[in-house]
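On a predicted model such as this, the values are computed, not experimentally measured, just so you know. In each ligand, atom 1 is the first atom listed, and ligand 1 is the first ligand listed.
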Amino acid sequence: MTETPETKAPFRSGFVAIAGAPNVGKSTLLNRVLGEKISITSKRPQTTRNRILGILHRPDAQLVFIDTPGVHRPSGELNRRIVATALTALGEADLVLVMVDAVKPDPEAEKLVLSHLKKSGLPAVLAINKIDRLPDKRALLVLIDQWAQRGRFREIVPISALDGTQVDRLVEVMVSLLPQGPPFYPEDSLTDLPQRFIVAEMIREKVFRLTGQEIPYASAVTIEHFERSETRNLVEIHAKIHVERDSQKGIIIGKGGAKLKEIGQAARRDIQRLLQAKVYLKLFVRVQKNWSRDTRALRRFGYE
Ligand SMILES: Nc1nc2c(ncn2[C@@H]2O[C@H](COP(=O)(O)OP(=O)(O)OP(=O)(O)O)[C@@H](O)[C@H]2O)c(=O)[nH]1
Ligand SMILES: [Mg+2]
C-alpha cells in the first residue's frame, strides 16, 4: 500500500476591512459571516459609529473582519470622527472588502472609498450586495461589468447578506487572498470588544429602530452599572440614553413610558442571547445639550 503525502493548504490569516457607503449592509454581512450578532444594523444610514472587530475561525484560516461606519461627507464633529474611524481601519487591513448596494448607488461615497483604496495600495474584493432586490440576472451582469471598469478588484462577488446567497463563496475568495501565517486571536474569541460595549450598542440599535426623525442621530448610550451574579446566572445592567434636548427625551420615554419600555424589552432579548443569562435592564434618559459637538462628551461616549 502506498501512502500519498498529505497536501495540506497553508494556514492563512489577516485583517479584512469592510468599507462602503452607509446602509449598504456591511454590518449585516459581518453578523451573517460570524453567525452571531455583534454589530448593530438598521434600515437607516449611519448606524455603525465605531470600528467593530469580528473574528471568523476556520480550519484553514482566521479572518479578522473590521466592520466600519459608512463613509460619507461628514457634517459636524461626530460625523467627522465616525468617517475618520472608517478610513483609519483601511490602514490596519491586509485586504479590503468594498461593499456596494445593487439597487441604490451612492456615487459620492463610492468615489471616496475607491480613492482611499487606491492610495492604500491594498488588494480588494468587491461585494455587490442586496442582489435579492434586483429584477433579473441581466441587471446583475450589467452591474458587474460597470464595476469591473471602475476599480481594480481581485474579484467581484454578487451577494445577499440578508438571505446568505453567495456569502460562502465570498469568504472563500477572501481566504485565498490573505497572507499565510498563524492566527492572531485565540480560537474562542469572537471579538475584541468588551461585552459592555456590545450591550450599549444593542440598546442604541433599538433606539435606531423604534424611534423616528432626528432621535437616532441625537442619541448615545452608556452603561452605568453592570453586575453579574454567578450564583443566579443573572446580569443587572443600568444604562443611560443620552439625547440633546428635552423634547427628544420626551419622545424616547413616550406616553406613560411606553416607548422606553418597548426599547428596553427589545434590547433585553438581544442582551440575554449575547450574555447567555437572565438580564435585569434598567434604562434612564438624560439630556446633555449638544453632546455631539462636545469634545469631552464624544470621548466619554466612545467616539475617539
Ligand atoms: N434586501 C436586502 N437588504 C439588506 C441586505 N443586506 C442588508 N440589508 C438591509 O440594509 C439595511 C442596512 O444594513 P446595515 O447592515 O445596517 O448597513 P451598514 O452598511 O452596516 O450601514 P452603516 O452602519 O450605517 O454604514 C438594513 O435594513 C438591512 O436589513 C440584503 O442583502 N438584501
Ligand atoms: Mg453598519
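- Panel note: side chain E205, backbone E201; no donor-acceptor pair is recorded below 3.5 Å.
- Remark: K26 does not engage D67 in a salt bridge, criterion side-chain N to carboxylate O under 4.0 Å.
- For the pair E172 and R58, the salt-bridge criterion is met [side-chain N within less than 4.0 Å of a carboxylate O].
- Protein N/O/S atoms nearer than 2.8 Å to the Mg ion (ligand 2) total 2.
- Protein residues are said to neighbour a ligand when one of their heavy atoms lies under 4.0 Å from it; for ligand 1 these are P22, N23, V24, G25, K26, S27, T28, T41, S42, K43, P45, Q46, T47, T48, G70, N129, K130, D132, R133, S160, A161, L162.
- Counting heavy atoms from C-beta on, the side chains of L90 and V96 come closer than 4.5 Å.
- Under the ring-ring contact (aromatic ring centres under 6.0 Å, His included) criterion, the residue pairs touching residues 195-215 are F208-Y217, with sequence neighbours excluded.
- A 4.5 Å side-chain heavy-atom check between L281 and I203 finds at least one atom pair inside the cut-off.
- The aromatic rings of W291 and F301 stand perpendicular to each other, their planes meeting at an angle above 60°, with 30° marking the opposite boundary.
- Applying the ring-ring contact (aromatic ring centres under 6.0 Å, His included) rule to pairs touching residues 139-194 yields F15-F184, sequence neighbours excluded.
- The backbone N or O of E244 lies less than 3.5 Å from a partner atom in the side chain of Q248, making a donor-acceptor pair.
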